[in-house]
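So the structure is just underneath, and the comments pick up after that.
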Amino acid sequence: MAPPRDNFNNEINSNDNVVNTLRQPIVSPYANSRDPMSNVGNFKIIESTLREGEQFANAFFTTEKKIEIAKALDAVGVDYLELTSPAASEQSFNDCKAIVGLGLKAKILTHIRCHMDDARLAVQTGVDGVDVVIGTSSYLREFSHGKDMEYITKTAIEVITYIKSQGLEVRFSTEDSFRSDLVDLLSIYQTVDRIGVDRVGIADTVGCANPRQVYELVKTLRSVVNCDIECHFHDDTGCAIANAYTALEAGATHIDTSVLGIGERNGIPALGGFLARMYVSDREYVLNKYDVKAIRQVENIVAESVEITVPFNNYITGYCAFTHKAGIHAKAILNNPSTYEILRPEDFGMSRYVSIGHRLTGWNAVKNRIEQLQLNDLTDEDAKNITNKIKQLADVKALNLEEVDVLLRKYNNAKLTDNSHLLVLQNLITHDQLLSFNSNATVGITA
């Protein structure tokens with residue numbers, strides 16, 4: 001059944017003739033309205049599974065696994081791959097060199113402390129750029145590195161100048177930005193901007209920021225620096241993807257992600273989730289730039305490697321991402337998927353599934369399954385009768401799709417053979433009876 005059309009409105013003119021006129025579209029107050037500085041349709045992804053992701057509790061990536069992940073991420077089309085500091089260990093140094101040698105399309109970065117020894121090691125690996133970070137909040141200055149802002153500024157200038165002299169990209173980021181003094185932040189960002197840093201970075205290291213705070217800080221920073229702005233958000237309080245989106249609205253240019261969001265504690269924006277959010281804002285930009293159908297492959301690789309399963313409610317690829325159950329939802333979905341789907345599953349290489357073996361099912365969903373199975377002799381009334389029986393059985397225990405198909409075929413065969421289809425329903429009381437139906441009835445088309 002085609003969805004109802006509402007783009008025409010009949011009006012009666014003075015001569016009593018019916019004329020078709022276009023109805024003005026209803027404008028939602030929640031529709032996208034972009035800030036002039038917004039980059040939601042022009043952003044870059046710094047994929048940090050091989051840096052931030054290594055900090056995930058279960059993560060241990062061999063060199064071979066890092067190479068596999070790097071290639072899978074490159075297939076998605078991410079702009080940058082960020083790797084663990086070569087100063088972390090000898091193997092980390094060698095792994096950096098190995099991934100640099102793959103010749104991937106993505107630029108290769110490594111993430112280091114604001115220290116000359118780390119910078120020299122990073123340059124030796126052959127990476128395309130270096131991400132420099134140092135804590136600026138009072139917590140980190142007192143309890144981590146113990147340095148004051150004067151020392152931080154002096155060291156940042158030295159390290160950035162050296163990296164730039166080697167012809168590499170360089171980003172300077174403050175750590176724990178949202179618990180740092182705003183005057184300190186703006187001062188050091190302006191200083192590094194003047195000496196030619198490619199990007200400055202904001203890091204919500206403990207996940208304390210909310211979207212409004214992010215918007216205000218990024219917009220303020222955008223007004224005082226000319227370089228790009230990278231943002232790194234942790235998900236301790238569930239705002240990471242929202243904060244990333246808001247940062248782009250305010251003028252940020254680069255967002256850090258990781259596969260399945262893995263990282264320190266609760267991690268950072270999930271690559272798939274971030275792309276889902278951005279797809280809704282600018283579908284053409286996302287689909288033209290990134291191969292979103294490749295997300296599932298890299299998620300499976302990483303999930304297996306860190307010994308977790310892809311969550312049932314994972315963005316895009318989760319078991320339930322495109323599953324519809326409620327009867328009223330199912331009817332609308334079958335008429336027009338846009339009624340209850342903001343993402344098109346086919347764009348991501350996924351399929352929708354309408355669940356029908358439960359007490360919430362509706363006859364339109366059952367009818368759709370009848371059509372899939374090409375049981376063409378069954379009418380709408382038959383679909384309604386079968387739906388009522390499914391609901392009765394599902395009040396005790398839900399039916400799986402195979403059990404529903406058995407019932408549909410048994411009913412269809414009885415109708416065609418001796419018109420005893422109503423007796424089939426009347427005599428079917430338990431699940432055991434359903435399972436005892438002729439196993440030949442289960443042969444045929446499946447979803």
Side-chain angles (χ1 to χ4, degrees), residues 1 296 299-300 303-304 308-335 337 339-341 343-346 348-417 420-447:
M1 179 187 299
R296 177 166 51 178
E299 286 184 346
N300 288 339
E304 181 181 8
I308 62 172
T309 57
V310 175
F312 74 93
N313 62 342
N314 190 51
Y315 317 95
I316 301 170
T317 62
Y319 170 72
C320 294
F322 297 106
T323 295
H324 304 275
K325 184 174 180 181
I328 191 171
H329 286 209
K331 177 182 178 181
I333 280 288
L334 294 171
N335 284 336
T339 50
Y340 286 103
E341 285 179 351
L343 309 177
R344 301 180 189 177
E346 59 271 20
F348 298 91
M350 304 298 291
S351 301
R352 76 179 51 86
Y353 172 62
V354 178
S355 176
I356 61 177
H358 51 84
R359 63 177 64 149
L360 304 180
T361 196
W363 75 270
N364 285 281
V366 174
K367 178 184 176 182
N368 179 257
R369 185 58 181 165
I370 288 171
E371 292 171 351
Q372 289 178 337
L373 296 174
Q374 300 179 13
L375 305 179
N376 301 323
D377 293 293
L378 301 188
T379 65
D380 288 358
E381 189 63 29
D382 291 322
K384 292 175 182 178
N385 291 335
I386 295 168
T387 300
N388 288 334
K389 178 54 64 176
I390 290 173
K391 286 175 174 285
Q392 291 174 15
L393 293 171
D395 266 340
V396 178
K397 179 184 175 184
L399 284 68
N400 60 39
L401 187 60
E402 181 180 14
E403 290 170 333
V404 171
D405 288 355
V406 167
L407 174 55
L408 292 174
R409 290 193 176 92
K410 182 69 173 180
Y411 183 99
N412 182 68
N413 290 341
K415 183 175 183 179
L416 294 179
T417 303
S420 62
H421 49 292
L422 295 180
L423 285 176
V424 169
L425 298 184
Q426 181 180 334
N427 294 331
L428 180 58
I429 306 299
T430 69
H431 283 72
D432 289 341
Q433 289 175 292
L434 179 61
L435 295 173
S436 71
F437 283 163
N438 191 330
S439 60
N440 291 332
T442 66
V443 179
I445 301 172
T446 59

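No hydrogens, no waters, no symmetry mates; every other heavy atom, side chains included, goes into these values.
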Can you list everything that forms a side-chain hydrogen bond (donor to acceptor under 3.5 Å, both in side chains) with [X]? Sequence neighbours excluded, please.
X    : value
E403 : none
H358 : none
N412 : none
N385 : none

The single option from L399, L434, N400 passing side-chain contact (heavy atoms from CB on, under 4.5 Å) against V406 |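 Single side-chain contact (heavy atoms from CB on, under 4.5 Å) partner of V406 among L399, L434, N400: L434.
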
Determine the minimum heavy-atom distance between [X] and [Y], stating which atoms define it.
X    : Y    : value
A394 : G357 : CB-O, 3.9 Å
F322 : I316 : CE1-O, 3.3 Å
E299 : N314 : OE1-ND2, 3.2 Å
V424 : A414 : CG2-CB, 3.6 Å

For side chain to side chain contact (heavy atoms under 4.5 Å, CB included), just list the numbers for T361 and V404, CA-CA rounded to whole Å, side-chain angles, deciding distance to a tenth of an Å, and then say yes or no.
-> CA-CA 12 Å; T361 196; V404 171; over 6 Å; no

Not counting sequence neighbours, which residues clear side chain to side chain contact (heavy atoms under 4.5 Å, CB included) with [X]? List them please.
X    : answer
Q392 : K389
A332 : T339, Y340
I429 : Q433
Y315 : I241, A270

Sub-4.5 Å side-chain heavy-atom contact between [X] and [Y]:
X    : Y    : result
D382 : L375 : no
R352 : E346 : yes
I390 : I356 : no
Y411 : L422 : yes
L401 : R369 : yes

Residues forming a salt bridge (charged side-chain N to carboxylate O under 4.0 Å, His left out) with [X], sequence neighbours excluded:
X    : value
K391 : none
R359 : D395
E371 : none

Could you grab the distance from atom [atom1] of [X] to atom [atom2] of [Y], nearest 0.5 Å is fine?
X    : Y    : atom1 : atom2 : result
L428 : L393 : CG    : CG    : 5.0 Å
H421 : L425 : NE2   : CG    : 8.0 Å
T387 : N364 : OG1   : CG    : 8.5 Å

So does K397 have more than 12 non-hydrogen atoms from other groups sitting under 6.0 Å from NZ?
->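 Check fails, neighbour count at 12 or below.
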
What pairs meet the ring-ring contact (aromatic ring centres under 6.0 Å, His included) rule with one or both residues in residues 361-404, with sequence neighbours excluded?
->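 Passing the test, one end in residues 361-404: no pairs.
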
Do K415 and D377 pass the salt bridge (charged side-chain N to carboxylate O under 4.0 Å, His left out) test, and can you show the C-alpha distance, the side-chain angles, and the key distance before you say yes or no?
-> CA-CA 8 Å; K415 183 175 183 179; D377 293 293; over 6 Å; no

